[in-house]
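Every value quoted in this text rests on a predicted model; they were computed, and no experiment measured them.
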Amino acid sequence: MTMVQEAGAPTAAGDADVLLAVEGLTVEYAGAGDPVRACTDVSFTLRRGEILGVVGESGSGKSTLITALTRLQRPPAVTAAGRVLYHPREGGAPIDLVALSGRRLRALRWTRLSIVLQSAMDALNPVARVGAQFVDVLRTHDRSMSRAQAWDEARRLLGLVGISADRARGFPHELSGGMRQRATIALALACRPELVVMDEPTTAVDVVMQRQILAQVLRLRRELGFAVVFVTHDLSLLLELADRIAVMYAGRIVELAASHEIYRSPLHPYTRGLRDSFPPLHAPVERLEGIPGTPPDLKALPPGCPFAARCPHAFDRCRHELPPLSAHGHRAVACHLHDPDLRDSEEAPS
């Protein structure tokens with residue numbers, strides 16, 4: 001298991017600033033043959049109130065990671081190794097979500113951690129009024145709340161995300177796509193959780209609504225103080241939103257750094273390729289170059305760095321030895337180009 005202590009970051013135990021500590025998380029999909037690893041040895045810490053972005057191409061392991069964090073994965077997916085340590089706000093010993101029983105996990109959902117799913121139409125019950133779905137969540141976790149009080153709270157929560165109170169009596173199909181997505185965000189915040197996991201919540205909406213949703217997330221985070229794990233394939237989105245960004249490739253984190261460092265000086269060639277694949281807002285028109293090739297098959301990963309076949313800087317060592325995620329100043333990167341032992345070596349690329 002590779003553990004990276006980020007420079008200046010809180011340790012995984014004993015620091016009140018830590019909300020979540022993920023240690024060596026490995027998720028496999030069982031099949032007829034050998035299991036396929038969709039996430040391998042993923043480790044990071046999440047601070048209270050922080051927004052951590054997770055980015056990568058389709059198939060990089062992003063969605064598998066967040067379903068494992070929230071214990072929402074279904075067979076044939078299984079967490080094969082690692083821990084997800086939740087540190088309660090009131091202190092005490094951390095709670096390993098991986099080993100938690102279903103009953104204890106149910107008590108933590110919505111009140112401590114919640115999720116905003118990618119498809120709002122699928123996440124909301126199409127035959128139940130929007131407000132009634134809030135009422136179910138609120139009264140499940142607060143038995144003292146009356147139905148009338150829960151309806152009032154549902155209207156208030158919808159108002160937080162810019163939806164008028166009268167929409168609480170409507171059905172999901174009567175709301176626009178952007179309103180449905182904002183309603184799911186409000187629903188995730190109903191019990192004031194400490195962590196909200198968001199799985200590409202702006203994918204199905206237009207650019208204008210996307211920016212409105214992001215503005216709402218940032219405003220609510222400032223007001224309520226929750227932390228966010230925000231998953232997307234759009235790096236440009238995270239550069240505006242996230243405090244730190246974890247870049248995933250072939251089921252592993254290949255770079256973890258502050259968003260401004262990812263923008264100004266990405267260390268991993270894959271991160272640099274993602275950054276250079278979108279046009280700047282204010283710059284002369286120029287030809288953009290994508291990342292050549294396709295991601296590797298997780299059922300038959302190459303022996304060395306999984307990005308070597310697509311990397312313009314790859315050399316012989318990359319094709320035979322997997323680079324570990326290692327500290328590099330205030331950040332972490334998994335790339336032989338940044339191995340300090342390589343600087344004076346004859347095999348270093350020119």
Side-chain angles (χ1 to χ4, degrees), residues 1-27 39 41-55 62 65-72 79 81-100 104-105 107-116 188-189 191-199 217-218 220-231 238 241-248 252-253 255-262 324-334:
M1 180 175 70
T2 302
M3 285 300 297
V4 177
Q5 177 59 44
E6 303 148 42
T11 56
D15 195 313
D17 194 40
V18 173
L19 174 61
L20 205 69
V22 180
E23 302 177 355
L25 189 67
T26 298
V27 182
C39 285
D41 198 19
V42 174
S43 300
F44 62 87
T45 57
L46 178 70
R47 302 178 182 91
R48 298 185 186 280
E50 180 183 26
I51 298 181
L52 174 69
V54 180
V55 68
K62 307 183 303 297
L65 171 61
I66 63 168
T67 54
L69 293 181
T70 53
R71 285 277 304 277
L72 290 174
T79 299
R83 301 190 299 172
V84 179
L85 299 178
Y86 160 68
H87 294 252
R89 71 185 87 178
E90 60 270 17
I95 300 169
D96 184 5
L97 300 181
V98 173
L100 210 59
R104 291 193 64 198
L105 186 65
L108 292 181
R109 284 176 174 158
W110 297 109
T111 60
R112 303 302 179 97
L113 60 141
S114 62
I115 188 167
V116 178
L189 299 176
C191 298
R192 301 184 70 88
E194 297 174 80
L195 170 63
V196 180
V197 176
M198 298 188 174
D199 183 12
V217 170
L218 289 171
L220 292 169
R221 193 275 298 257
R222 288 193 300 269
E223 293 177 4
L224 303 178
F226 55 86
V228 178
V229 176
F230 194 103
V231 174
L238 291 182
L241 177 73
D243 299 306
R244 287 188 303 150
I245 297 174
V247 181
M248 292 194 70
R252 295 178 180 269
I253 293 179
E255 186 163 359
L256 178 61
S259 57
H260 66 87
E261 291 176 320
I262 294 288
L325 184 66
S326 304
H328 188 85
H330 292 276
R331 57 209 294 187
V333 64

> Between the main-chain N or O of Pro88 and the side-chain N or O of Arg112, is there a donor-acceptor pair closer than 3.5 Å?
Replying inline: no
>> Quick one, Leu224 and Arg192 - any side-chain contact, counting heavy atoms below 4.5 Å?
In response: yes
> Is there side-chain contact between Asp41 and Leu325, with at least one heavy-atom pair below 4.5 Å?
Replying inline: no
> Out of curiosity, Leu85 CG to Leu20 CG, how far, rounded to the nearest 0.5 Å?
Replying inline: 8.0 Å
>> If I take atom CG from residue Leu105 and atom CG from residue Leu72, how far apart are they, to the nearest 0.5 angstrom?
In response: 8.0 Å
> Between Thr67 and Leu69, is a side-chain contact (heavy atoms from CB on, under 4.5 Å) present by the stated rule, with each step listed?
Replying inline: CA-CA 5 Å; Thr67 54; Leu69 293 181; over 6 Å; no
> Considering all heavy atoms of both residues, which atom of Val42 and which atom of Met248 are nearest to each other, and what is their separation?
Replying inline: CG2-CE, 4.3 Å
> Which atoms form the tightest heavy-atom contact between Gly49 and Arg221, and what is the distance?
Replying inline: O-NH1, 2.6 Å
> Would Ser43 and Val22 satisfy side-chain contact (heavy atoms from CB on, under 4.5 Å), going step by step from the backbone distance to the final call?
Replying inline: CA-CA 5 Å; Ser43 300; Val22 180; 5.7 Å; no
> Can you find a pair of side-chain heavy atoms, one from Val247 and one from Ile245, that are under 4.5 Å apart?
Replying inline: yes
> Side chains of Asp199 and Val197: closer than 4.5 Å at any heavy-atom pair?
Replying inline: no
> Would a 4.5 Å heavy-atom cut-off, applied to side chains only, mark Leu100 and Arg71 as touching?
Replying inline: yes
> Is a donor on one side and an acceptor on the other found under 3.5 Å between the side chain of Arg222 and the backbone of Val217?
Replying inline: no
>> Check whether Glu223 reaches the backbone of Leu220 with its side chain - one donor and one acceptor, N or O, closer than 3.5 Å.
In response: no
> If we only count heavy atoms from C-beta on, is the Leu65 to Val27 side-chain gap below 4.5 Å?
Replying inline: no
> To the nearest 0.5 Å, how far apart are CG in Leu19 and CG in Leu46?
Replying inline: 5.5 Å
>> If I compare all heavy atoms of Thr79 with all of Ala68, which pair ends up nearest, and what's the gap?
In response: OG1-CB, 4.2 Å
>> On a heavy-atom basis, which atom in Trp110 and which in Pro193 lie closest, and how many Å separate them?
In response: O-CB, 3.4 Å
>> For a quick test of reading the model, state the closest non-hydrogen atom pair linking Asp96 to Val84 and the distance between them.
In response: OD1-N, 3.2 Å
>> Quick one, Leu113 with Leu108, criterion side-chain contact (heavy atoms from CB on, under 4.5 Å). Give me CA distance, side-chain angles, the key distance, then yes/no.
In response: CA-CA 6 Å; Leu113 60 141; Leu108 292 181; 4.0 Å; yes
> If every non-hydrogen atom of Arg244 is compared with every non-hydrogen atom of Leu256, which pair is closest and at what distance?
Replying inline: NH1-CD2, 4.0 Å
> Under the side-chain contact (heavy atoms from CB on, under 4.5 Å) criterion, do Leu189 and Val196 qualify, and how do the steps go?
Replying inline: CA-CA 8 Å; Leu189 299 176; Val196 180; 3.7 Å; yes
> Is any side-chain heavy atom of Met198 less than 4.5 Å from a side-chain heavy atom of Phe230?
Replying inline: yes
>> Return the CZ to CZ distance between Arg109 and Arg104, rounded to the nearest 0.5 Å.
In response: 13.5 Å
> Within a reach of under 6.0 Å around CZ of Arg89, are more than 12 heavy atoms found that belong to other residues, nucleotides or ligands?
Replying inline: yes
>> Return the CG to OH distance between Leu97 and Tyr86, rounded to the nearest 0.5 Å.
In response: 9.0 Å
> So how far is it from Leu238 CG to Leu52 CG, rounded to the nearest 0.5 Å?
Replying inline: 9.0 Å
